[in-house]
Structure formats: C-alpha cells, structure tokens
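None of the values given here were measured: they were computed from a predicted structure. Sequence lines set the chain letters: A, B, ... in the order given, protein chains first and strands last, and positions in each chain run from 1.
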Amino acid sequence: MTIYLNDAEAKLIGLDEIIAQCRCRCPQGNRLKTNRHFYGPADKKPLQQEFDAIEALMALLKASPQEVIAAQRLLSQLRELRGSLHGLESERLLDETEFFELKRAISIFNQLAERKQLLEAAKVCLTVLEEAQNLLDPAGSGAQGFHIYSAYSAKLSELRKEKLELEIQLEAQSGEARQHLLKKRNLCCAKEDEEEERVRRELGIRLLHWLPELRANLEACGQLDFRLARAELALKWQARKPETVDTGEPAELTAAWHPMVQASLKKSGAAFTPHSLQIKKGSTIITGANMGGKSIALQTCFLSLALTQLAYFPPCEALKTPLYDFLSFSAGESGNFNLGLSSFGMEAIRIRDDFRRSQQKRGLVVMDEPCRGTNPNEATAIVQALCQAYGASQSSLLIATHYKVLPGRGLHFYRIKGIRQTDMDKLRTATVLQDSELIRQIQALMDFELEEVDGSQHTPSAAIQIAELLGMDPNLIQTMQALWQEEKWQK
Amino acid sequence: MRAYVTNEAEVNVDGLTSESQFLQLARLEGLSSLALVGLSKNSGKTTTLNHLIRAWQQAGTPRPLALTSIGRDGEEEDVVSGQPKPRLYVYSGTYLATARSSLNRCDALLDILALSGIRTNFGEVAICKVLSSGYVELAGPSQASDLLECERLLREQDSSGFFVVDGSLSRRAQAGGGLTQGLILAVGAVTSANPEDLAETTAHALSLLSVPALEATTSEYVQNLLVSEPCLRVIALPQANDSPAKMLSLPSLVGQAKAIAGLLDGKLKTLMLRGALTDSICKSLLAEKHFQDLTLAVEDGTRLFISPGMLRKLLQKGIQLAALYPLSVRLICLNPFKADGSPADRTALLKALRSISSIPVEDFGPTLI
C-alpha cells in the first residue's frame, strides 16, 4: 500500500515541496512527517481520527492561537532522545548532557499535560511524570539546568566542600605548600568523579522505571506536533476536511487547486482555475487542446488524493474519496541513459507494473499522455486498450491523452473547455506582440475548466491554430491545414 | 615553555607587569566582546586568557565572563612539541560555551543550561554556568555564524556578560568577523627571539588587524546588503553613486580570483571581499589592469593573511585596505619563552615591541595556578 512515483514525477507534482510546507517543531513530529504513512482501505478509522484531530486543532488555532504558539514553543525544545532512551534501556552510563535532555523533556511533558484543551483537540494523551521531574530537580527549584547535584549523595557533598576549602587555601599559598594543596585537590577531584559516576549510574537505573511512559510521551508529542502542523497548513489553504467513502464509490473533487501552481500564477498576475471532477471505477479520460492544462489538472487531482491518503487536508473546496490500495502517477518516461533503456521501454515497464497491480488491488493509476513519442496509430491502439481494460477493472485510471478513445463500458470522459473560436479570431486580429506576451494572451483566453462529455465528440485540437497565432510561416500553416482536413476526411 | 607556575615568587619577578593592572591597561570597560588572538602557535594565548580571568575575578567585576573558543584549546600538552600547556582556570559565575566531550575534561562543577544545536568535532556545544571554580577545556565552534549563535545563547543567560572568544591554535583564525569589538594580541618569542624580527612581524600583524573602518555610508550599505543576502562573497561598488553594485555569491574566495576579476572595470570605488584574503588572491587581482586606486575591504583585520611584500605591492597600486568592522587592539601580551622553554631577552623584546605602536605591550608572566 503506497504511492508509486519516481523522483522526477514527485518533483513535477510538487508533493515534496508541499509536504515541506508542513512545519513540524520537534524531531518526533518531523519523523512522522518524513515516514509518510499511507492510509489504505483498512485504515479508515485511524485516518478519520487524524482528520477529526486536525479539524479540532484548526478550530483551536482560530480561537486560541496563543495557546498553540506556547505549545509549539515547548515542542520546539524537544530533542531527539532515542539514543538516551536506548542507553537507559541497555543500562549504559548516561552523561550529564543526556540527563539534562531528559530533564528538559520531562518538564516539557508536564507543562504540555496541563494544556487539556489542546490535548483533547489533538486526541493525544500525556502522562505526567512528577516523580521523575523531582528526581532530576532534587531541590525542587524548577531550574532548567542540570548537574550532578550534591543532594544526590552525602559523600559528594562532603567532597565538594573539601574541594572548595582547598581552593580557598590555594589562593593564599605558594611554593611547596601550594604544590601539596594542588595534589590534594587532584585527589579530591578524582574521588568526586568517581562518586558522580556512581550517582549517574543510580540515576539511570531509577529513571528506567519510567521508560515506557517516556517513550509513549515522546510518541504523543510527535503526534501532537504533526497534527498541529497539518492543521496550520489546512488553515493556510482554507482546506476542508475530506470525506472517505466506501470502496468502489467514485472519488469526487470539488474546486481542487494546486498550491504551487497557484502561487506561481499569482506572481504573474493570473489566477488558477480550480478543477472539479469525479473519478469512477474504470477509466476517466481527459482530452483538450494544447496549452489547455491537462497535465496540471491531473497533477492537481493526484496531489489532493495523495495528500488525503497521507492524512493531510487536501487543497480542495470538498473531497470525497474511497481509500485506494495504491496510487500511481506516471508522466511518461524519458528513458534512463545510464541503464541504456529507451523511453518507451521504461514507459512500457511502468504501464505493465501498474496494470498488474490494478488487477490484484484497487488502485488509482494516473497517466499523463502515455505513448506520446510512439507511432500515433499504435499509440491510439495502446491507449484504447488500456482504457478498456481499466474500464472493466475494480481500479480507476485517470488519463490525459490526445489520442482518440472510443466510448465504451466503464469509460468516462472530461475535456478542458479551451479557447472559443471567437476569442481565437480576436487574437488573430490583434497587433503584433512579443512571443511571451502572445503566449500569455493565449493562456488568458484559455478556459481551463473541466467539463464532462460523453466521449462521442472529436478530440479537440487547436495545435495548428496556436502555431498560426504564434506566427508560423503562412505557407507552412496552409499545408498543415490541408493535410489535417484530409486526415479528418479520411477518418 | 613555562606557561604556568605554582610558586608565587616566580610570578613576582622584576620586569613583569602585575596581573592587577591587566584590566586597566586593556581598557575593557566599554566593550561587550573581546577576541584573543595569537601571533603564532604557543604565543601565550591561554596564559593571557588566564590572566584576564584572574584579573576579572580579583577586580570583583559584576559582569560575568562568557567564554568560548574557536575550535578546541586548552590541551594539557602541546601536540607538536610535547611541552606542557597551560590549563584554563575559571571561577564560579563564569559562563561557557563548550563541546560535550570537553565537559568530561573539566573539573569545575558545571550546570548545563542549554544545548546549542551547534555540532563540532568534539560534540554539540553546550552552554554552562560554572558553579564551583576549577579547570575547564574550551572547544567552541569554528564557523563565525555559530560563534554568533553561542553569543546569543550566552546572553540569554546573562545579557550583561563579557563575551570572550579564544582564537584557535591555527594562527589568527577568524576571531573577528564582526563578532567582537576588542582584541588582545598574544606575541611570543616562539615566533622569533630576535627583538627586531619579532617587532617587525608584530608591526605587520598590527597593521592588518588595525585596518581602518570602511567609509560610513559605504559600510552601512554593505552591511545591509549582507543582512539581506548572507551568501554574498564579493561586492563591487562603483564610483558613481547611481550605478548599481555588482555582486557574487560564492561558497568561498578560494580559487575565485578570475570570477572576482570579472567585476573589475576601472570604475570601482570599493571591492568588498568576504572571507580570508590571501597572497594568492591578491597576486591574481594585481595582474588585472583595472585593479588599482580603489578600497579593498574585508570584514575585519583578522581576515587578512597577506605578507608584508604583498601589502607593499597593494599600496603601490593605490589599493587602500579597510574593514567593515574595525577592531580595536587593546593590548599586546608578550610571552618571552622560546619553543624549547628557554627564556629570551624579555627587556629587549618589550623595548622593541613598545617602539612600534602606542598600544600597551606587557609581560604578565606565567599564570599562577
């Protein structure tokens, strides 16, 4: 149960970058984030618990931001303690800095445990370790620092008094008397070291008693941290809680958007057109003109569904989805020269593996223009066959293609609305513009919205028109149009 | 070398300056930070720091000392010569920033107050307070930015602390970099037992350490640029105020002379270089026809690693050196012992060193421990 995505595709979709925006404060939270636990069909209940906690924390973040900031400040002081806890367990002699870290952690647990409202919202439990705190702060001063306190041992206390007296005497002595005092001091220091070691060993043994609670509290702090971080991200995106539906039901995305693409468009003064669509069992085919944003639509949908199964609120107005056994995204392979494999070879392997998986499990397979570099006649056959095969399976295929796919059982069609002919004509009469401005204007006229169609219409294409608008040689355009008409007529 | 003694009579010999005069001579009152820099290895830096600590304690100064070092110092034995090296003795109330593994080698009672997150070869740097006096080993960070973080963490404990950075064993490592305001230079007969030679070497070091401040408006402009773009290594400022500055972000200055030379166009007023400025970089720049009649600025004088000959060549081409953060050399401390531990002519060395500048030059003798 996982997400199949190579590094290039992960980068393309922006999954890593999006997850990096989720800012955990402590190493335990960061570890949960990095682990990327994938919630499959059997994890519906724990996933729901995650979502409920995030939703409650979002409300708390809105109502009492100061409460959350204070908790996050505490969480940020937690350190990686696996080494020290393992040391405790194996009865290794811990050093003073390790006791300092444990003392800080226990103090943080106890302070967080007082924040009942926060813990209730986050659905985590922390055990108060008052006795352990007292052990590491024998004077009960509440001081944050740590050293091997004289209070731990009468012998240690005596040795330190002796050392202090020797130091006072040293200030007033010189010559042989001083040498003698220095020797005595060295001896005293050696005894102090020995006694400190004995105390450290004893402290370790006593702390071992709370090892299960220490581990559980660290785990709980990690959960609290990760849930808080996801709640912050959800608030930033104004994201809504996703709904999980039964296996076999369609996934339904309403006004899904891509945070990174949106941010990049915003910089250039453009707006992102949110996508809404249903992904039923079978094949969902997205068609549309060049520059219509099919790839972005696929990436946006995949991102939202992947984030949902990783227990994040997706950037959508609403999302309902069954929990898939696996998710796969392939953007077409570019080949691997190091391995000496061709582009199509790599792509065929990927298609093969996805299909095999989809026969055994219920997955969502997303393909962005497969076989784009293949002979168009063969490619059309491959894509048609894939759509039909997935159409008859328990899995879902979401595919963007320029190749004609004929309607059939289990096949559903969407298309990007594209540019209206009247708008295209207006642009044709516009004054001569720079290339970048022309592309920007074409994009501005493009309607990126998805609309459901029945699949009987011809595959929309505006490649030759766009080439014409971009100032391609008129004779060349004329020949292109003539050949295109002939091709259509023949079909 | 006898860097420390146990007999007070050896401390109070003729020609030595009393430790009680240390603070008065170094004029440290107005400073919040200080760097201790050695002219060479075994020049008596740790002994100087011990004098400072004792003088601070004896004067009953209410501000606590906050000590760290660049890299590790305070070994019991010189790793090269095998001679015993002075240890650092600190008093209760002092703050330290030192690596975890060094804590095991301290016999002072230390309260661990914070862990800095700064990693060194000797472990993470811990912030501690000395609860009962004793010997310590300092092993601080080596990056300037990490030293700044140590200062911030030490000031979190006591904002009034006097932050002292002990330079590393390597010659004049980056003790400055805008980190400290004052500087004490430790000079030893290890460098040369010949008074004239030692005076000449020290005079050259002083001329580099004391390079004047970059002109105020330019300095402010450069400082602001460095805040907004911390990775900048090279900033070329044109003579015309309305022309834009040219900048380079590089991992270091080493091997980048060609890239730097690419910014020279004969119209520059100031060329600011961040990092160690060596003879090799200067040599490459001097080969460029447009490298003349401009101000060559560095962060502070500790970044200059150029020979007297190279300094002369720069001056001949009308290159003026300047520092973004000028350092004030407060005191020169002499260690008159040679590498083998035998004494050099203290009086002659003091006389020669005193002739080169108005900065006080003193021999406080070995530390009494």
Heavy-atom pair count under 4.5 Å with chain A, highest-scoring of L110(B), N104(B), L115(B): L115(B)
Nearest non-hydrogen partners of S150(A) and L156(A), listed with the distance: CA-CD2, 4.4 Å
Face-on cation placement of R230(A) at F226(A) ring, 6.0 Å and 45° thresholds: yes
Under 4.5 Å from a heavy atom of chain A, the part of L131(B) involved: side chain
Minimum heavy-atom distance between R200(A) and L94(A), given as atom pair plus value: NH1-O, 2.9 Å
Minimum-distance pair of heavy atoms, taken over all atoms of V125(B) and C150(B): CG1-SG, 3.9 Å
Residues 24-36 of chain A: residues contacting chain B (heavy atom under 4.5 Å, by number): none
Contact class of L103(B) relative to chain A, heavy atoms under 4.5 angstrom: side chain
Proximity of residues 137-146 of chain A to chain B, residues having a non-hydrogen atom under 4.5 angstrom: G145(A), F146(A)
Residue pair S76(A) / Q72(A), side-chain donor-acceptor N/O under 3.5 Å: no
Chain B interface, residue from R104(A), K163(A), E176(A), E192(A) that has the most non-hydrogen pairs under 4.5 Å: K163(A)
Closest heavy-atom pair and its distance - A71(A), R115(A): CB-CD, 4.2 Å
Residue pair R152(B), E156(B): steps toward the salt bridge (charged side-chain N to carboxylate O under 4.0 Å, His left out) verdict: CA-CA 6 Å; R152(B) 189 189 69 76; E156(B) 251 180 28; 2.8 Å; yes
Top contributor to chain B contacts, counting heavy-atom pairs under 4.5 Å, from R185(A), E101(A), E96(A), R160(A): R185(A)
Polar side chain donor-acceptor pair, S153(A) to E195(A), under 3.5 angstrom: yes
Nearest heavy atoms of L129(A) and I106(A), plus distance in Å: O-CG2, 3.6 Å
Over 12 non-hydrogen atoms of neighbours within 6.0 angstrom of CZ in R23(A): no
Heavy-atom proximity to chain B below 4.5 Å, by part of D95(A): side chain
Geometric class of the F22(B)/F364(B) ring pair [parallel <30°, tilted 30-60°, perpendicular >60°]: tilted
Selection from G134(B), G117(B), C128(B), S92(B) maximising heavy-atom pairs under 4.5 Å formed with chain A: G134(B)
Closest approach of Y89(B) to N50(B) (non-hydrogen atoms, all atoms of both residues): N-OD1, 3.0 Å
Derivation of the side-chain contact (heavy atoms from CB on, under 4.5 Å) call for L78(A) and L218(A): CA-CA 9 Å; L78(A) 266 182; L218(A) 280 172; 4.1 Å; yes
Chain B contact via E80(A) - side chain, backbone, both or neither, heavy atoms under 4.5 Å: neither
